[in-house]
Colleague: 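Pasting in a structure now, in structure tokens, and then I'll have a few things to ask.
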Amino acid sequence: MMLQQTQTATVIPYFAAFLKRFPNVTALARADRAEVLRMWAGLGYYRRAHHLHDAARHVAFELDGKFPDTVEGLLKLPGVGRYSAGAIASIAFNRRAPILDGNVKRVLARLVASTASPDAPAEVQRLWSLAEDILPQRNCGAFNQALMDLGATICTPKSPRCDACPLTKECAAFRQGVVASIPKPRQRAAVRRQPMVCLLIVAGDHVLVSQRADRGLWAGTWTPPAVDDVGGDAHAIARDALPATILRRMTQLAPCGSVQHQLTHRAVTFAVHTATAPRIRVPAKFRWLPLAERKTLPTAFRKVVALLEEPMPKRSRRAS
Ligand code: SF4
């Protein structure tokens with residue numbers, strides 16, 4: 001789950017810390033959602049953490065702790081799609097189940113010299129069937145991993161090493177000399193600009209954070225209050241986003257700088273405004289986060305909070 005859309009080198013320290021804190025499915029199922037999200041902070045795509053937590057709860061509380069070991073059973077877990085189900089069933093349980101990730105798709109498309117768009121539903125269906133047809137009767141987990149590794153290390157998107165490939169005899173693209181044109185380049189989705197306003201309310205060495213909605217960007221995480229910038233001024237936004245007790249006691253909001261954060265399909269720009277307030281009791285959806293614990297924030301908001309340490313003229317940051 002962690003490796004979806006995220007590089008292995010980034011995942012390794014998160015994986016180690018996550019397993020140390022939640023060593024089995026019951027430990028994860030019993031954990032508080034906020035703690036799961038805290039352990040995920042910085043890894044991005046927070047929906048995955050929600051799904052993983054929901055799946056652990058499903059296994060622990062509804063399946064008596066018995067992890068499903070078939071594709072059909074795995075598909076019932078939140079966040080588990082056809083690829084994850086096939087990978088878990090074949091690698092963990094040695095079931096005869098196909099997988100089709102980006103690497104495998106490319107290898108198979110080249111094996112049959114397919115000129116179709118790799119994301120066209122009919123083509124995806126055809127490649128799934130092919131992935132199933134070529135499965136051996138035994139050791140499907142090893143076979144699937146070998147196929148993924150072949151795509152990752154030999155049959156790479158650019159400059160595939162056909163001279164080192166064990167499949168040259170079977171490969172139609174190699175025979176026809178059309179390897180470089182397969183798969184057909186996909187059309188990139190346009191990146192959407194998303195202006196946001198973020199409010200940094202500081203009380204000494206703490207900053208005010210609120211829990212974000214269960215859906216949308218940074219779902220369910222605790223961050224400094226941040227909303228879409230739809231043109232209103234920061235004071236009007238603060239009236240909607242902050243508790244009345246804070247509004248009464250805080251100083252005047254002042255612009256503090258801007259931060260850019262690149263997500264896969266969105267370029268977020270935060271206009272950051274700051275004020276100070278006494279560290280008074282706040283409603284349940286808010287709390288005071290010690291600045292020393294800022295690493296528990298999603299990456300974009302760590303950059304936002306870092307503005308507090310910068311002299312005014314430098315307060316413009318890019319993050320990715
Ligand atoms: S021969 Fe070349 S194109 Fe065909 S599967 Fe091997 S590396 Fe990929």
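Just so we're clear, the structure is a prediction, and the values are computed from it rather than from any experiment. Counting starts at 1 for both ligands and their atoms, in listed order.
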Colleague: Considering residues, nucleotides and ligands other than H235, do more than 12 of their heavy atoms fall under 6.0 Å from its NE2?
Modeller: yes
Colleague: Less than 3.5 Å apart, any donor N or O on the side chain of T264 or Q5 sitting next to an acceptor on the other?
Modeller: no
Colleague: Any donor-acceptor pair under 3.5 Å linking the side chain of R287 with the backbone of V282?
Modeller: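 Pair absent, no side-chain N/O of R287 close to backbone of V282.
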Colleague: With distance as the sole test, does R110 use its side chain to make a donor-acceptor pair with the main-chain N or O of I182 at under 3.5 Å?
Modeller: yes
Colleague: Are there any protein N/O/S atoms under 2.8 Å from atom 6 (Fe) of ligand 1, and if so, which?
Modeller: C165 SG
Colleague: Under a 4.0 Å N-O cut-off, is there an ion pair linking K105 with D119?
Modeller: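 D119 and K105: salt-bridged.
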Colleague: Are the side chain of T276 and the backbone of T251 linked by a donor-acceptor contact shorter than 3.5 Å?
Modeller: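 Such a contact is absent between T276 side chain and T251 backbone.
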